[in-house]
Participant: 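One structure, as structure tokens, below. Some questions next.
In what follows, chains carry the letters A, B, and so on, assigned in the order in which the sequence lines appear, proteins first and then strands, with residues in each chain numbered from 1. Keep in mind it's a predicted model, so treat the numbers as computed, not measured.
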There are 2 protein chains.
Amino acid sequence: MVKIGDVAAAADVSVATVSRTLNNNSTVDPALAERVRAAAESLGYRPNAVARNLRRRRTSVWALVITDIENPFYTAVARGVEDAARSNGYSVLLCNSDEDQEREARYLQVAAGEHVAGLILAPRNASTDVSELRAAGIPVVVVDRSCGAELDTVRTKSSEGARIATEHLLAEGWRRPACITGPADAETAEARHAGSVLAVDAHGTDDLTRHVSYDSEGGRAAAADLLDSDARPDAFFVANSMLALGVLGELRRRALRVGSDVGLVMFDDAPWARLLDPAISVVSQSAYEMGGRAGELLLDRLSGSGPAEPRNEYLPATLIVRESSRR
Amino acid sequence: MVKIGDVAAAADVSVATVSRTLNNNSTVDPALAERVRAAAESLGYRPNAVARNLRRRRTSVWALVITDIENPFYTAVARGVEDAARSNGYSVLLCNSDEDQEREARYLQVAAGEHVAGLILAPRNASTDVSELRAAGIPVVVVDRSCGAELDTVRTKSSEGARIATEHLLAEGWRRPACITGPADAETAEARHAGSVLAVDAHGTDDLTRHVSYDSEGGRAAAADLLDSDARPDAFFVANSMLALGVLGELRRRALRVGSDVGLVMFDDAPWARLLDPAISVVSQSAYEMGGRAGELLLDRLSGSGPAEPRNEYLPATLIVRESSRR
DNA sequence: TTGAAAGCGCTAACAC
DNA sequence: GTGTTAGCGCTTTCAA
């Protein structure tokens with residue numbers, strides 16, 4: 001391994017000069033700078049980022065803590081974050097918490113220990129503890145859900161999206177829409193439930209809700225349970241695309257045709273939604289943009305710009321009516 | 001920030017003893033160890049991983065360089081890698097190259113500079129240069145595609161999968177299957193093309209192939225082009241699920257029904273494949289397992305176990321016949 | 001403008 | 001079994 005001293009010797013200057021030129025800091029004599037660059041080049045010198053990080057007491061990596069990269073929503077968020085990071089010289093550490101409080105806590109510790117420059121977090125719930133990060137001076141921005149602490153947050157207008165979707169179902173003439181949503185203590189799950197209930201209440205129909213884990217098996221089980229119950233729904237508002245995968249599978253198994261036998265709207269405009277026949281009506285949220293925006297907020301904190309008080313932003317949720325919600 | 005010296009002072013021992021107990025290295029007197037732990041706990045001590053990394057001259061992070069985390073295949077690979085990493089005390093740095101040679105090279109440099117413990121790479125093509133990593137003693141394992149260098153590699157039997165899928169199409173009575181695949185210089189694209197051609201040649205029909213970028217727009221364009229051409233195909237073998245999204249969209253736009261008007265098999269068992277009506281026949285590959293296996297190979301290198309020569313492994317590609325390929 | 005030198009916080013010889 | 005101490009490779013005062 002060739003180190004800074006080797007370059008200095010080859011260029012016949014001090015290590016300080018090498019450091020300065022390579023970081024194009026203060027003014028270095030152009031002639032010397034040229035010698036340094038040539039020496040570095042010919043020796044194949046690569047600065048050791050670990051040493052630099054230690055000395056500078058900061059790194060150029062962000063940690064991204066989400067529940068599951070296989071959830072297409074978070075996949076897009078991650079891509080948005082990564083693009084923002086890369087174009088500003090940062091790399092991103094990917095952490096899947098799997099909605100597991102303990103694993104999430106461990107990742108937060110790792111992030112603190114690694115002295116990441118910043119952290120973007122989709123917290124398990126409001127009880128997620130980021131105090132250690134804060135104490136270490138590591139800025140954190142929250143996405144998708146919110147966190148107890150006073151932090152920059154960017155979310156989708158989940159409740160509103162759910163309300164509009166359910167109202168739409170009702171307006172189309174479906175009489176008994178059910179809400180299939182995530183765990184009651186997951187903020188998005190509850191917000192979408194609340195929005196849906198708002199519409200249902202206004203309409204004077206029953207609240208048919210199932211809270212299940214945010215995956216396709218959860219969706220399948222909820223759909224089966226609802227369809228076998230006495231209070232059988234005739235339409236579904238499904239709180240995300242993974243749940244919908246299970247719901248649609250179960251409907252298909254029962255030969256129930258969406259858009260005629262039952263109505264359906266799901267949250268998240270998955271790429272396959274318009275491919276199904278009938279095409280699935282969705283509430284679309286801007287996942288990639290959410291990641292990008294979180295990156296921007298983080299950059300603001302990193303550069304010290306931005307307001308003192310935490311920013312709380314909402315991205316729109318847009319109903320896209322296709323066929324599955326029509327009668 | 002509380003550091004190791006503070007803990008040592010509080011426990012009235014030397015920093016060496018603190019280090020030893022916290023790394024449960026050599027034997028430390030249980031009583032002292034207890035004092036150290038108590039002190040560390042009460043001071044809220046968190047070891048500085050950066051300092052440790054510098055001193056140990058190795059880190060506990062892996063870099064994962066793929067083309068695009070939004071490609072569901074790589075999403076699953078990433079999850080497999082992350083799980084393997086986490087359960088062995090490593091974190092993973094996520095790098096999207098977007099099939100861009102230059103961006104890939106930059107990420108390899110970052111990985112080298114950060115002194116990652118190891119790297120898992122889906123290379124742009126065989127010309128990807130990992131010599132700097134090798135020189136730095138960083139083990140790299142290659143996934144999905146291969147790399148010029150002599151490296152551990154884990155791939156899917158792409159060619160065989162493609163051949164079987166195309167043979168199946170032919171056996172079902174489709175007369176003119178076309179192959180829609182990725183860029184000619186992407187190894188998987190070429191392997192799947194080659195496999196498909198093998199079947200087509202044996203059957204004595206024309207080779208109808210389109211090389212396009214590995215995304216849904218590429219698939220859409222290729223399908224449109226083929227359907228408008230003089231040599232109109234009556235079936236499609238599509239080399240991955242992102243391409244298939246575009247192909248299926250185009251078919252739908254033209255009101256062409258899969259499984260009756262045209263036959264179709266796609267590579268990758270996307271979660272939505274069985275939801276379409278008719279359900280899509282697929283060649284399934286084990287993406288999650290590929291990531292996990294890559295992790296295992298990397299761990300072997302890291303621990304020095306494993307054979308001296310590079311391992312070259314293939315995971316099976318399995319045809320799952322559903323409805324889209326039937327007449 | 002340049003160089004000497006003091007650390008960043010930790011681990012691992014080495015000595016006791 | 002425990003402590004002292006010399007670095008890991010770099011950046012950054014501080015002097016010159």
Side-chain angles (χ1 to χ4, degrees), chain A residues 1-37 39-40 43-61 109-110 112-117 135-138, chain B residues 1-37 39-40 43-61 89 110 112-117 135-138:
Chain A
M1 157 174 287
V2 27
K3 34 197 178 184
I4 201 171
D6 303 330
V7 177
D12 195 25
V13 295
S14 73
V15 294
T17 301
V18 176
S19 176
R20 288 191 189 104
T21 52
L22 266 29
N23 292 295
N24 27 257
N25 278 354
S26 67
T27 50
V28 175
D29 183 273
L32 284 198
E34 197 35 60
R35 245 162 59 203
V36 168
R37 270 183 247 287
L43 293 179
Y45 172 67
R46 296 286 167 229
N48 181 327
V50 180
R52 154 193 301 208
N53 291 341
L54 175 59
R55 176 60 231 231
R56 284 210 180 145
R57 321 182 87 209
R58 70 197 144 89
T59 63
S60 51
V61 348
Q109 274 177 27
V110 169
E114 296 281 351
H115 286 243
V116 298
I138 297 175
Chain B
M1 156 175 287
V2 27
K3 33 198 179 181
I4 201 171
D6 302 331
V7 177
D12 196 26
V13 296
S14 72
V15 293
T17 301
V18 176
S19 177
R20 287 191 191 105
T21 49
L22 265 28
N23 293 294
N24 25 257
N25 279 353
S26 66
T27 50
V28 175
D29 183 274
L32 284 198
E34 196 36 58
R35 245 161 61 202
V36 168
R37 270 182 245 286
L43 292 179
Y45 171 68
R46 296 284 168 231
N48 181 328
V50 179
R52 155 193 301 208
N53 290 341
L54 177 58
R55 177 60 231 230
R56 291 227 273 220
R57 322 184 82 204
R58 67 195 148 90
T59 63
S60 50
V61 350
V110 170
E114 295 281 352
H115 286 243
V116 299
I138 298 173

Participant: Can you measure A/L22 atom CG to D/dT12 atom C1' for me and round it to whole angstrom units?
Facilitator: 15 Å
Participant: Are OP1 or OP2 of D/dG3 and a side-chain N or O of B/T17 less than 4.0 angstrom apart?
Facilitator: yes
Participant: Flag the pair B/N48 / B/K3 as yes when at least one side-chain heavy-atom distance between them is below 4.5 Å, and no otherwise.
Facilitator: no
Participant: Heavy atoms, side chains only, cut-off 4.5 Å: are B/R56 and B/N23 in contact?
Facilitator: yes
Participant: From C/dG9, D/dT2, C/dG3, pick the nucleotide closest to the side chain of B/M1?
Facilitator: C/dG9
Participant: Round to a whole Å and report the spacing from CZ of B/R46 to C1' of C/dC8.
Facilitator: 20 Å
Participant: Please confirm whether the backbone N or O of B/A11 pairs with a side-chain atom of B/R35, one donor and one acceptor, at under 3.5 Å?
Facilitator: yes
Participant: Can you tell me if A/T27 touches the phosphate of C/dT1, counting only side-chain N or O atoms and a distance under 4.0 Å to OP1 or OP2?
Facilitator: yes
Participant: For A/N23 and D/dC10, give me the distance from atom CG to atom P, rounded to whole Å.
Facilitator: 11 Å
Participant: Please report the shortest heavy-atom distance between A/I4 and A/V18, naming the atom on each side.
Facilitator: CG1-CG1, 3.5 Å
Participant: Consider the side chain of B/V15, meaning its heavy atoms from C-beta on, and name the nucleotide among C/dG9, D/dT5, D/dC10 that approaches it most closely.
Facilitator: D/dT5
Participant: Whole angstrom is fine here: how far is it from CZ in A/R55 over to C1' in D/dT12?
Facilitator: 5 Å
Participant: Does a distance-only test, which skips hydrogens and angles, find a donor-acceptor pair under 3.5 Å between the side chain of A/R20 and the base of C/dG3?
Facilitator: yes
Participant: Using the closest heavy atom to pick a nucleotide of DNA chain D for each, name whichever of B/S14 or A/R58 lands nearer the 5' end.
Facilitator: B/S14
Participant: Classify the nucleic acid contact of B/V50 as base, sugar-phosphate or nothing, counting any heavy atom under 4.0 Å across all strands shown.
Facilitator: nothing
Participant: Flag the pair B/T21 / B/L32 as yes when at least one side-chain heavy-atom distance between them is below 4.5 Å, and no otherwise.
Facilitator: no
Participant: Applying a 4.0 Å non-hydrogen cut-off, can you work out what A/V28 is touching in the nucleic acid: base, sugar-phosphate, or nothing?
Facilitator: sugar-phosphate
Participant: What's the CD1-C1' distance between A/I4 and C/dG7, to the nearest Å?
Facilitator: 15 Å
Participant: What's the closest nucleotide to the A/V13 side chain, out of C/dG3, C/dC10, C/dC8?
Facilitator: C/dG3
Participant: Please report the distance, rounded to the nearest Å, between CG in B/N53 and C1' in D/dC10.
Facilitator: 15 Å
Participant: Just to be sure I understand the rule, does A/S19 reach a base, reach only the sugar-phosphate, or reach nothing, if contact means heavy atoms closer than 4.0 Å?
Facilitator: base
Participant: Would a 4.5 Å heavy-atom cut-off, applied to side chains only, mark A/T59 and A/E114 as touching?
Facilitator: no
Participant: D/dT11 P sits how many Å from B/L54 CG, rounded?
Facilitator: 12 Å
Participant: For the base of D/dG7, is there a side-chain donor-acceptor partner from B/R57 under 3.5 Å away?
Facilitator: no
Participant: Taking atom C1' of C/dT1 as reference, at what distance in whole Å does atom CG of A/D29 sit?
Facilitator: 8 Å
Participant: Let's see if you can work this out: which of D/dG9, C/dT11, D/dT4 has an atom nearest to the side-chain heavy atoms of B/R52?
Facilitator: C/dT11
Participant: C/dC10, D/dG9, C/dA13: which one has an atom nearest the side-chain heavy atoms of B/K3?
Facilitator: C/dC10
